[in-house]
Amino acid sequence: MYSDEDLNAAVNAGALSEASAQALRAFVAQRQSAPAVDEEQFRLVTGFNDIFVVIACLLVLASVAWLGAALAPWLGALAVSAVAWGLGEFFIRKRRMALPAIVLLLAFTGGIVAAGFTTTDRSTVNIAIACAIAAVATWLHWRRFHVPITVAAGAAAAAGCVVALLLTLFPAARDWTDLLSLLAGLVVFALAMHWDVADTRRETRKSDVAFWLHLLAAPLLVRPVFAALHVFAGSTSPGQALLVVAVYIVIAIVSLSIDRRALMVSALIYVLYTFSDLLQQYGMVSLGFAVAAFVIGSGLLMLSAFWHPARAQVVRLLPAALRQRLPALR
């Protein structure tokens, strides 16, 4: 299995011409009956060896954490980060294995954060410090290994630092958690679009970076929006259900425009709950969720099957200046 990043590396190394690489991409897209740019591809597993290596890495990291924690809790956490970095030197830099890279990055960042939490109390000041250190550490990890998920991990750490500082300076901000989540989501979404705009044909690592950033931004954006509609707050009214549908349609239009599905997936649980609760109020007590899931799932399958033509119709309605900054239509 070869990714666009591998094809680009082959072109740069002279093993493959640019024309041949483009012809191969076009052939694969035609064979799959879908343009590659609309498939939102990212590397996760290149073979079963990825899973084998991940299992071995988790065993080693768990044992290191256990042995280190026997001396001091913070030592176990830092040992996990150190070992994860060391394993990354081989499995990320030399072997370029996708799934182990993700796991090792998360272990490295998680160890840094855990070390900060075990050495101090969990006040907002100390949480901000731990998150700030984690953000710097992920930046160093990115400079060394360039794992696409690293930017999202760093953005999450930076957002946690800013939120913790705001809660420290303005204790009343604890009542504004939904607003803070929305603002953080907008910033991460803007960062994701920055990476997307840099690779509108989705042929480089920049597209993978954007994928993980969109995955982080989606729940941060979606939760406060549906919280404002009082989903999960009690019995659902027909008017409330219509508002949920309207919001989901807007989310679907945005998802089609930017060719990313993370927002729709994050909002799905709220739509399912709203309609299952509404159906239960009208007598479908035991079948409400099943009926709602069937109807919504069928609609999503239809959208998936006709994603490209539906996206083409939406994008053509947008201004030309905006279309040039969105993923290309093929």
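- At distances below 3.5 Å, at least one donor-acceptor pair connects side-chain atoms of Arg311 with backbone N or O atoms of Ser257.
- Considering only heavy atoms from C-beta on, Met97 comes within 4.5 Å of Val53 through its side chain.
- Linking ILVMFWY side-chain heavy atoms closer than 4.5 Å, directly or via other members, places Ile102 and Phe48 in a single hydrophobic cluster.
- A 4.5 Å side-chain heavy-atom check between Asn126 and Phe117 finds every atom pair outside the cut-off.
- With a 6.0 Å radius and a threshold of 12 heavy atoms from other residues, nucleotides or ligands, Phe306 has its CZ atom at or below the threshold.
- Trp139 and Val151 fall into different hydrophobic clusters, where Ile, Leu, Val, Met, Phe, Trp and Tyr residues are linked whenever their side-chain heavy atoms come under 4.5 Å apart, directly or through other members.
- Judged as a salt bridge (charged side-chain N to carboxylate O under 4.0 Å, His left out), the pairs with a partner in residues 221-241 (not counting sequence neighbours) are, in order, Asp178-Arg223.
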Intermediate values then yes/no, side-chain contact (heavy atoms from CB on, under 4.5 Å), Leu221 and Leu182: CA-CA 5 Å; Leu221 289 170; Leu182 182 62; 3.9 Å; yes
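- Note: the hydrophobic cluster containing Val64 does not contain Leu67 (ILVMFWY, side chain heavy atoms under 4.5 Å, direct or indirect links).
- For the pair Arg261 and Trp307, the distance from NZ or CZ to the six-membered ring centre is under 6.0 Å and the angle to the ring normal is within 45 degrees.
- Phe294 has its side chain out of reach of Val291: every pair of non-hydrogen atoms, C-beta onward, lies at least 4.5 Å apart.
- Using a 4.5 Å cut-off on side-chain heavy atoms (C-beta onward), Val245 and Phe275 make contact.
- In this structure, Arg323 CZ and Leu317 CG are separated by 9.0 Å, a value rounded to the nearest 0.5 Å.
- In this structure, the separation between CG on Leu167 and OG1 on Thr177 is 9.0 Å, given to the nearest 0.5 Å.
- Taken from CZ in Phe170 to CG in Asp175, the straight-line distance is 14.5 Å, to the nearest 0.5 Å.
- Residues Ala132 and Cys161 share a closest heavy-atom pair of CB-SG, 3.8 Å.
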Check against side-chain contact (heavy atoms from CB on, under 4.5 Å), His194 and Leu213: CA-CA 10 Å; His194 167 76; Leu213 285 168; over 6 Å; no
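- Closest heavy-atom contact between Ala210 and Arg260: CB-NH2, 3.6 Å.
- In the hydrophobic clustering of this structure, Trp195 does not group with Val187; members are Ile, Leu, Val, Met, Phe, Trp, Tyr whose side-chain heavy atoms approach within less than 4.5 Å, directly or through other members.
- Between the side chain of Asp208 and the backbone N or O of Pro148 there is no donor-acceptor pair closer than 3.5 Å.
- Leu166 contributes atom CG, which lies 10.0 Å from atom CG of Leu179 (distance to the nearest 0.5 angstrom).
- Taking all atoms of both residues into account, the shortest heavy-atom contact from Val113 to Ala134 is CG2-CB, 3.5 Å.
- Between atom CG of residue Leu279 and atom CD of residue Gln281 there is a gap of 9.5 Å, rounded to the nearest 0.5 Å.
- For the pair Asp50/Pro100, a side-chain contact is recorded, criterion being any heavy-atom separation below 4.5 Å from C-beta on.
- A salt bridge links Asp196 and Arg202; the closest N-O separation between the charged side-chain nitrogens and carboxylate oxygens is under 4.0 Å.
- Taking every heavy atom of both residues into account, Gly185 and Leu220 meet most closely at CA-CB, 3.6 Å.
- For Trp176, the CH2 atom sits in a loose shell: 12 or fewer heavy atoms of surrounding residues, nucleotides or ligands are nearer than 6.0 Å.
- Remark: side-chain polar atoms of Ser63 are paired, donor with acceptor, to backbone N or O of Val60 under 3.5 angstrom.
- Closest approach of Ser266 to Ala218, counting heavy atoms only: OG-CB, 3.2 Å.
- Leu105 is not listed as a side-chain neighbour of Phe145, based on a closest heavy-atom distance of 4.5 Å or more.
- Connection of Leu242 to Val244 is not established within any shared hydrophobic cluster, with ILVMFWY side chains joined at heavy-atom distances below 4.5 Å, either directly or through further cluster members.
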Trace of the side-chain contact (heavy atoms from CB on, under 4.5 Å) decision for Val147 with Phe108: CA-CA 12 Å; Val147 180; Phe108 172 77; over 6 Å; no
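- Panel note: side chain Thr274, backbone Tyr270; a donor-acceptor pair is recorded below 3.5 Å.
- With Arg144 contributing its side chain and Arg93 its backbone, the two residues share no donor-acceptor pair below 3.5 Å.
- Shortest non-hydrogen contact noted between Ala107 and Ala84 is CB-CB, 4.1 Å.
- Not one N or O on the side chain of Ser207 forms a donor-acceptor pair closer than 3.5 Å with the backbone of Glu203.
- A 4.5 Å side-chain heavy-atom check between Thr200 and Leu326 finds every atom pair outside the cut-off.
- Under the 4.5 Å side-chain criterion, counting only non-hydrogen atoms from C-beta, Trp142 is in contact with Val209.
- Atoms CG and CD, on Asp277 and Gln240 in that order, are 8.5 Å from each other to the nearest 0.5 Å.
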Intermediate values then yes/no, side-chain contact (heavy atoms from CB on, under 4.5 Å), Tyr248 and Leu268: CA-CA 8 Å; Tyr248 197 71; Leu268 191 57; 3.8 Å; yes
